Amino acid sequence: MFSTSTPVTAEDTRPLIADVDPTAPGYGNHLSFDRILRRCGLAWTEFLNSLGSFDGGVICPRLEVDYHREVGAGSLDVDVTVLSVGRSSFRILCTVKQDGLVAASVEVVLVSFSYDDRAALPLSQQQRTDLLAHLRN
């Protein structure tokens, strides 16, 4: 498992629109859904960069999210675990935690991709080996 930690500031938790009615549904001082997904994207990018074998591109054709609780100001941890490895794609799980409690679970499908050819690429043997070393047991 790969783990990363980032701070969430009070500024991060402010609504995107300044004139939001505080009685409106969904209003609150918490990290918005898109900002949580952005943190996951940064975590899986950092994970892939740490492997050293992913110097090319990947695309994200699918993700599935379960939000479990609000994320407020403080430290935010994202754990990245490999769930499966295919021919050109792999699935990872980003577990987002704050204060030791799971705030979100994000299952992501990533595909090795050539942006020059606009096509999927088979994973190299080194990429497969690197990913399988992080496979969830």
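If you're wondering where the values come from, they're calculated on a predicted model, not measured in any experiment.
Here the shortest heavy-atom pairing between Val71 and Ala103 reads CG2-CB, 3.5 Å. Here the shortest heavy-atom pairing between Tyr67 and Ala104 reads CD2-CB, 4.0 Å. Closest heavy-atom contact between Glu70 and Gln98: O-OE1, 4.3 Å. Closest of all the heavy-atom pairs between Arg87 and Pro122 is NH1-CG, 3.3 Å. Scanning both residues, Val58 and Ser112, for their nearest heavy atoms gives CG1-CA, 4.3 Å.
With sequence neighbours excluded, the residues forming a side-chain contact (heavy atoms from CB on, under 4.5 Å) with Thr45 are Asn49, listed by chain and number. Among residues two or more places apart in sequence or in another chain, the side chain to side chain donor-acceptor pair (under 3.5 Å) test is passed with Asp79 by Ser3, Lys97. Here Ser88 pairs with nothing under the side chain to side chain donor-acceptor pair (under 3.5 Å) rule; sequence neighbours left out. Applying the ring pair (Phe, Tyr, Trp, His ring centres under 6.0 Å) criterion to Phe90, with sequence neighbours excluded, gives Phe54. Residues satisfying the salt bridge (Lys or Arg N to Asp or Glu O under 4.0 Å) criterion with Glu46, sequence neighbours excluded, are absent altogether.
Proximity of Arg39 to Leu76: side-chain heavy atoms (C-beta onward) are separated by under 4.5 Å at one or more points. At a threshold of 4.5 Å between non-hydrogen side-chain atoms, the residues His134 and Leu51 count as touching. Residues Ile59 and Tyr115 form a side-chain contact, since some pair of their non-hydrogen atoms from C-beta on lies under 4.5 Å apart.
In this structure, the separation between CG on Leu123 and CG on Leu132 is 9.5 Å, given to the nearest 0.5 Å. Taking CG of Leu131 as the start and OG of Ser53 as the end, the distance is 6.5 Å to the nearest 0.5 Å. Here Arg91 contributes atom CZ and Arg62 contributes atom CZ; the two are 9.0 Å apart, rounded to the nearest 0.5 Å. How far CG of Asp99 is from CG of Asp77: 9.0 Å, rounded to the nearest 0.5 Å. In this structure, Leu121 CG and Ser89 OG are separated by 12.5 Å, a value rounded to the nearest 0.5 Å.
Of the candidates Gln127, Gln126, Arg128, Gln126 is the only one forming a side chain to side chain donor-acceptor pair (under 3.5 Å) with Asp130. When each of Leu110, Val108, Val109 is tested with Leu63 by the rule side chain to side chain contact (heavy atoms under 4.5 Å, CB included), just one qualifies, namely Val108.
No single ILVMFWY cluster, assembled from side-chain heavy atoms under 4.5 Å apart, contains both Val65 and Val102. The hydrophobic cluster containing Val85 does not contain Phe113, counting ILVMFWY residues as joined when their side-chain heavy atoms lie under 4.5 angstrom apart, directly or transitively. Val82 and Val111 end up in different hydrophobic clusters when Ile, Leu, Val, Met, Phe, Trp and Tyr side chains are linked at under 4.5 Å. Both Leu135 and Ile92 are part of a single hydrophobic cluster, where members link through side-chain heavy atoms under 4.5 Å apart.
Through side-chain heavy atoms spaced under 4.5 Å, either directly or across other Ile, Leu, Val, Met, Phe, Trp or Tyr residues, Leu93 is tied to Leu83.
Other residues, nucleotides and ligands contribute at most 12 non-hydrogen atoms within 6.0 Å of the CZ atom of Phe33.
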